[in-house]
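One structure is given below, encoded as C-alpha cells.
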Amino acid sequence: MTARVGMTKHLTLTFDNGPTPGVTEHVLDELASRGIHATFFVVGRDLEREGSRELVKRTRDAGHRIGSHTMTHTVLFGMADDRAVLEVEITAANRLLGDLAEPTKLFRPWGGGGNLNKDLLSPTAVDLLTAGGYTLVLWNSVPHDWEDASGWVDRAMSDIQARDWTVLVLHDIASGAMDNLGAFLDRVIALGVTVTQEFPDECVPIRQGRIVGDIERYIHG
Ligand SMILES: [Zn+2]
C-alpha cells in the first residue's frame, strides 16, 4: 500500500493591488464558479476610485478575506524609516478599510516587485505592526503575472509542485493576466491541490501583533 500522508499540496491564493473595477468582478466570478476562496490585499488610496468600496464589500461578502496593502504602494519601509510616513502607509490605510478589514488586521507590505529582503521593513514599521496588533502576511511565490499575462501560469504551477504550501501573489489589475485565471484554477484543481485561506507560519512572521517568526531578515538595520 502506498502511503499518501503528507502528499497533499496546499495553496493560499492572494490578490494584491485591487480592487480594479472591470477586473476584480471577473476574478470573483472565476473563484465562485469553482468554490474557491482567497485573500485580497487592497491599496488604501485605490478605495477612493468610483465603485471600489462596493467591490471590496462584494468581495468580503463572497467569503474572501480582506487585508491592507499599504496606502500608496510606493514606500519600501526599509528605505524610509519615517514614523509619519509609516503611520499613513500602515495605520491610516487600515483605518480607511474600516469594517471591510477583518479583526486580525492582515497587512502586506510593498515588496518593490515581490522582493523579500531587508528593504521590506524598518524598526518603526515593526513597532507599528506589533503595537497595532497586525498580522504580517508575506509570500513565497511571485510568478510576475503583471508583466507576463500568460507565462505566469506555468511558473505558478511549478512553484506549487515544488513546495508543500505555496502562498501565491497575483494581482487583480488590468494587465490581462486575469484572463488566464480560470485555466490556472482548473490546473490547480486537476492536480488535487488543497486551496486554503490560512497562511503558513513561514509566511507570517507577526501574528496579531506577536512576533512569531524570523523578522530580522526583513528589517533594514
Ligand atoms: Zn503590490
Side-chain angles (χ1 to χ4, degrees), residues 11-24 26-28 31 38-49 52-53 55-56 59-60 64-80 85-97 100-102 104-122 125-126 128-129 134-149 151-153 155-156 159 166-178 180-181 184 197 199 202-206 218-220:
L11 170 65
T12 305
L13 276 172
T14 65
F15 294 90
D16 289 8
N17 295 35
T20 308
V23 176
T24 305
H26 169 72
V27 169
L28 294 176
L31 294 171
T39 302
F40 288 73
F41 288 96
V42 172
V43 175
R45 71 174 177 192
D46 292 343
L47 278 176
E48 281 149 25
R49 287 195 295 222
S52 286
R53 208 167 180 90
L55 203 41
V56 177
T59 303
R60 182 201 59 191
H64 303 292
R65 303 179 76 176
I66 307 293
S68 167
H69 189 32
T70 78
M71 181 66 89
T72 69
H73 202 262
T74 58
V75 181
L76 286 173
F77 296 170
M79 310 292 261
V85 169
L86 294 174
E87 278 177 349
V88 171
E89 295 297 321
I90 297 171
T91 315
N94 189 74
R95 200 180 308 128
L96 199 58
L97 269 177
L100 295 172
E102 60 174 83
T104 47
K105 294 169 95 169
L106 304 177
F107 180 82
R108 171 169 279 174
W110 179 49
N115 303 316
L116 288 174
N117 57 34
K118 283 179 174 286
D119 290 342
L120 197 68
L121 297 172
S122 66
V126 173
L128 290 173
L129 292 169
Y134 288 86
T135 297
L136 178 65
V137 182
L138 304 181
W139 53 85
N140 58 25
S141 173
V142 181
H144 286 239
D145 58 308
W146 70 89
E147 55 189 12
D148 185 356
W152 69 267
V153 174
R155 280 194 295 278
D159 281 355
T166 300
V167 178
L168 184 69
V169 181
L170 298 175
H171 299 80
D172 51 330
I173 61 174
S175 65
M178 292 302 96
N180 296 306
L181 180 64
F184 164 71
Q197 282 179 295
F199 298 100
E202 172 202 345
C203 295
V204 187
I206 300 175
Y218 307 119
I219 303 177
H220 200 88

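Start at 1 and go down the list; that is how both ligands and their atoms are numbered.
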inquiry  = Angle between ring planes, F199 versus F41, binned at 30° and 60°: parallel, tilted or perpendicular?
reply    = tilted
request  = Using side chain to side chain donor-acceptor pair (under 3.5 Å) as the criterion, list what pairs up with N17, not counting sequence neighbours.
outcome  = H69, H73
task = Could I get the full list of side chain to side chain donor-acceptor pair (under 3.5 Å) partners for R108, not counting sequence neighbours?
result = T14, D16
request  = Mind listing the closest non-hydrogen atom pair of V75 and A80 along with its distance?
outcome  = CG1-CB, 3.7 Å
request  = Begin with the C-alpha distance, continue with both residues' side-chain angles, and end with the deciding distance and a verdict on side chain to side chain contact (heavy atoms under 4.5 Å, CB included) for L129 and L121.
outcome  = CA-CA 10 Å; L129 292 169; L121 297 172; 4.3 Å; yes
task = Please name all residues satisfying side-chain contact (heavy atoms from CB on, under 4.5 Å) with A93, sequence neighbours left out, ordered by chain then number.
result = S68, M71
request  = Enumerate the protein N/O/S atoms at a distance below 2.8 Å from the Zn ion (ligand 1), ignoring waters.
outcome  = N17 OD1, H69 NE2, H73 NE2
